[in-house]
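First the structure, in the form of structure tokens, and then the observations on it.
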Amino acid sequence: MTFKVFRASVKGLIDEALRDMGVGVVNYQIEEPPIPNFGDLAVNVAFQLSKRFKEPPGKVAEDLVSRISGRLPRIVASVSAHPTGYINFTVEADELTYLTMKAAFEEGYGSMDIGRGRKVVVEHTSVNPNKALHVGHARNVVLGDSIARILRKVGYRVEVLNYIDDTGTQVADVIVGFLHIGIPEEPGPVKYDRYCGDDVYIKVNEIYEENPKLEDKRREVITQLEKGIGPAVEVAKRVVPKVVKAQLETCWRLGARYDLLNWESHIIRLGLWDVAFNELRKRNAVKRVDEGRLAGCWVLKASGKDEEKVLVRSDGTTVYAAKDIPYAAWKLGLLPDPFKYSMFADQPDGTVLWTTVERDGNPDHPPFGSADMAITVIDVRQSRVQEYVAYATKLLGGGHKEYKHLGYDVVALSRVSAEKLGLHVPPGRQFVHMSGRRGSYVNVDDVLDALKERAVEEVAKRNPGASPGWIDLTAERIAVGALRYQLLRQDPNKMIIFDMDEALKLEGETGPYLQYTYARASRIVEKSGTSSPPQITKEKARTLREPEEIDLMKEISKYELELELAARTLSTKGMAIYSYRLADHFNSFYERHRVIQEPREDVRGTRLALVYAFRITLREVLELLGVPPLEKI
RNA sequence: GGGCCCGUGGCCUAGAAUGGACAUGGCACCAGCCUCCGGAGCUGGGGGUCGCGGGUUCGAAUCCCGCCGGGCCCGCCA
């Protein structure tokens, strides 16, 4: 309730003036001016009105200002018309300081109720359980995890799902390796997901090249997995959960957490597809094609165009994309829940991760699914399929619910990094796509380890005599912060060309810069000898006078607006950039003004309060991004 | 062939929905700043046909059309 108050006041003033002038609805914008001299917020309403009145914007602006200037509330210091037509408002800094600090020191700071208790499920990660995560998967994990954190913060009931495709070809390949090629199920000391991905999956695919007949075995394995009987199922029961646990280790390392694992085999064996399919038929949403090239297939009737998506082949089997429909419908509670549930693992954050089971569940489970909104985090190559799935949920009676695809472009390897991995990069190409099957990818654990190694050097250098355990833990957190920030700060529509040397940077606009700044602020708080923020009064707020103090305070006051925007747009980018701006302003302040050593007692107290407010706010933002805050670095 | 995404100094990048003031930061580069709460920092500087060409508009990085370059999707594969 800070900069937001100022913004609301500005809007109120403009709307009141418009009413006075007797004009109807005008679509105008309130934005931050490009140059601080122009004030703190600018309104472009005069441009819109100038069209209507046939008068120059500057004149309209003056007219509006003359109506407004007499009735400014306390939070608004001044208003002025710029000759170009903008109406510029300046905030009353003392008032904003007081409001901002008061809000920051309150319990539940930043929490708001946009969600109104509505339930949202966020599905992310969903990596085939036959290999270790590469950095492309990491983008998925951290995007989904941060969105979940943001939505929870703004009042949604959030449930995080991880879909395990344990009946697909990728898992089947690994099982073929164990069952028909004789690769041992138990590796040496290597992490199990990596073993299955690097030593089994790749190998099996190489053997397919020489011996294509072996692919018949894959078909056989998949059939067994879907039906739930046969030797392949026995192998899968031993192998897949071990891979999933190994993958989860990496996800947890990245700071992610989940509520439930949904296994594809359960969806299939419990007949959820048949239920969904019957429902689609009942609602006349699918039809059987009688003739032509699709004769004998069941297709989804597309809305407008003549596109038809095959769901059931003429031999009666379902296509890959069709399997997503019952799952989506379950998420939104459009089908009866066929699952039983049991506990799968304890997570680092202290919560329990549950899993679906086919029978003998724990009756004492929390409610799952049946959300008002479903968000599926999956890369843009799945956009088309996701459209069909969203459309199918509407046909199944989910018209009042929302199914959203949160897409993002892939992470590719830079030419330099690819060549360092020994891959051939054709001339002229600047990047190469990652592929688990070909083994051309960068493993997430490897990236984190490399980052950590760099961080250990730095931390040890700056903290002589620190315990190895502390150095290790701190370096780990730096590594996670660095990687997460990098993956969250840019537009999801843009491909990330991953370069190892670039990724190892710890300076500039990076996670470690934020952590470093947080530690700086923490040290001041520690040295102040206080354990809670000083009482702030309007009188004390008045002692903030230096430009760097005011700028920092204003940046802090914008937190709620940024959070609101992030939640509404399901985007982490703005939050990431905001966190950097916050830290940047703090460092400018820190450079020029002393806190502990400030001789004037009143100024010292208010500055300390400012540091507290900054630290609390940055902590909030870092937690939303999943960048671990560090007291000491 | 149809559809979607991207193109902003040498490299990376912000400019959302709803066009508006001198185009945002970072990396790299140059010049400064530690007797002072932590220099992973701070201050200043150079560097731009916002891919190209039209159009709409008083005004376009932003909207429209057409190109160019890069990527992705479009299967009774998964």
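Residue numbers begin at 1 in each chain, while the letters A, B, ... track the order of the sequences.
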So, A/Arg415 side chain and A/Pro426 main chain: donor-acceptor pair closer than 3.5 Å or not?
yes
Proximity to the side chain of A/Leu565 - top-ranked nucleotide from B/A16, B/G71, B/A21
B/A16
Does A/Ser417 use its side chain to pair, donor to acceptor, with the backbone of A/Met500 at less than 3.5 Å?
yes
Would you mind classifying the nucleic acid contact of A/Arg607 as base, sugar-phosphate or nothing, using non-hydrogen atoms under 4.0 angstrom?
nothing
Any base atoms under 4.0 Å from A/Lys632, or only sugar-phosphate, or nothing? Heavy atoms, all strands.
base
Mind checking A/Arg381 for me? I need base, sugar-phosphate or nothing, with any heavy atom below 4.0 Å counting as a touch.
sugar-phosphate
Across the strands shown, which category fits A/Asn88 at heavy-atom distances under 4.0 angstrom: base, sugar-phosphate, nothing?
base
Mind checking if A/His585 touches a base, just sugar-phosphate, or nothing, with heavy atoms under 4.0 Å?
nothing
Kindly say if A/Arg568 contacts the phosphate of B/A16, meaning a side-chain N or O under 4.0 Å from OP1 or OP2.
no
Compare the minimum distances between each of B/A21, B/A14, B/A78 and the side chain of A/Tyr320, then state the nucleotide with the smallest one.
B/A78
Watson-Crick or G-U wobble mate for B/A17, both contacts under 3.5 Å:
none
Could you please name the option among B/C37, B/G71, B/A40 that lies closest to any side-chain atom of A/Lys527?
B/C37
Which part of the nucleic acid, if any, lies within contact of A/Arg523, taking any heavy atom under 4.0 Å across all strands shown: a base, the sugar-phosphate backbone alone, or nothing?
base
Indicate whether OP1 or OP2 belonging to B/G7 is found under 4.0 Å from a side-chain N or O atom of A/Lys494.
yes
Strictly by Watson-Crick or wobble contacts shorter than 3.5 Å, is anything paired with B/C29, and which nucleotide is it?
B/G45
Side-chain touch A/Lys452/A/Asp472, heavy atoms, less than 4.5 angstrom:
yes
Looking only at heavy atoms, the pair that brings A/Ser314 and A/Cys297 closest together is N-SG, 3.7 Å
Remember a base hit wins even if backbone is also touched, and classify A/Asn493 as base, sugar-phosphate or nothing at under 4.0 Å, heavy atoms.
sugar-phosphate
Under a 3.5 Å cut-off for both distances, is B/G1 Watson-Crick or wobble paired, and to whom?
B/C74
Taking atom C1' in both B/A28 and B/G9, compute the distance separating them and give it to the nearest angstrom.
12 Å
Would you mind classifying the nucleic acid contact of A/Val319 as base, sugar-phosphate or nothing, using non-hydrogen atoms under 4.0 angstrom?
sugar-phosphate
Taking 4.0 Å as the cut-off, does a side-chain nitrogen or oxygen of A/Lys461 come that near to OP1 or OP2 on B/A40?
no
According to a strict under-4.0 Å criterion, is A/Arg520 in side-chain N/O contact with OP1 or OP2 of B/G39?
yes
Please name the nucleotide paired to B/C67 by Watson-Crick or G-U wobble geometry with both distances under 3.5 Å, or report none.
B/G51
Under 4.0 angstrom, heavy atoms only, what part of the nucleic acid is A/Ala295 near: base, sugar-phosphate, or nothing?
base
Mind checking if A/Leu294 touches a base, just sugar-phosphate, or nothing, with heavy atoms under 4.0 Å?
base
Residues A/Thr572 and A/Ser146: side-chain donor-acceptor under 3.5 angstrom:
no
As a test of reading the structure: which of B/G71, B/A14, B/C76 is closest to the side chain of A/Arg293, going by heavy atoms?
B/C76
Examine the base of B/A78 for any acceptor or donor lying under 3.5 Å from a partner atom in the side chain of A/Asp173, and report the outcome as yes or no.
no
Nearest to the side chain of A/Pro512, heavy atoms from C-beta on, is which of B/A78, B/C42, B/A40?
B/A40
Pairing nucleotide - B/C22, Watson-Crick or G-U, each distance under 3.5 Å:
none
Using centres under 5.5 Å plus planes under 30 degrees as the test, is A/Tyr590 stacked with B/G41?
no
If you assign each of A/Glu32 and A/Ala321 to its closest nucleotide in RNA chain B, which residue comes earlier from the 5' end?
A/Glu32
Mark yes or no for a side-chain to base donor-acceptor pair under 3.5 Å between A/Glu591 and B/G41, with no hydrogen or angle criteria applied.
yes
Backbone of A/Gly168 reached by a side-chain donor or acceptor of A/Asp165 within 3.5 Å:
yes
When all nucleic acid strands are considered with a 4.0 Å heavy-atom cut-off, which category describes A/Pro33: base, sugar-phosphate, or nothing?
base
Determine the interatomic distance between P on B/C6 and the same-named atom on B/A14; round to the nearest Å.
10 Å
Among B/U43, B/G25, B/C74, which is the nearest nucleotide to the side chain of A/Glu509?
B/G25
Relative to the 5' end of RNA chain B, which residue comes earlier, A/Val310 or A/Ile596, by the nucleotide with the nearest heavy atom?
A/Ile596
Please pick, from B/G41, B/C37, B/A78, the nucleotide with the shortest atom-to-atom distance to any side-chain atom of A/Thr169.
B/A78
Closest listed nucleotide, where the reference is the side chain of A/Phe431 and the choices are B/C76, B/G71, B/U43
B/G71
Mind checking if A/Asp584 touches a base, just sugar-phosphate, or nothing, with heavy atoms under 4.0 Å?
sugar-phosphate
Rounded to whole angstrom, note down the C1' distance from B/G51 over to B/U62.
15 Å
Does A/His593 have a side-chain nitrogen or oxygen under 4.0 Å from the phosphate oxygens OP1 or OP2 of B/C37?
no
By the 4.0 Å heavy-atom rule, please label A/Arg462 as base, sugar-phosphate, or nothing.
base
Between B/C76 and A/Ser314, counting only base atoms on the nucleotide and side-chain atoms on the residue, is there a donor-acceptor pair under 3.5 Å?
yes
Using a cut-off of 4.0 Å on non-hydrogen atoms, how would the nucleic acid contact of A/Glu507 be classed: base, sugar-phosphate, or nothing?
sugar-phosphate
Does the side chain of A/Thr530 pick up a donor-acceptor pair with the side chain of A/Tyr612 at under 3.5 Å?
yes
Got a donor-acceptor contact below 3.5 angstrom from the A/Tyr518 side chain to the A/Ala583 backbone?
no
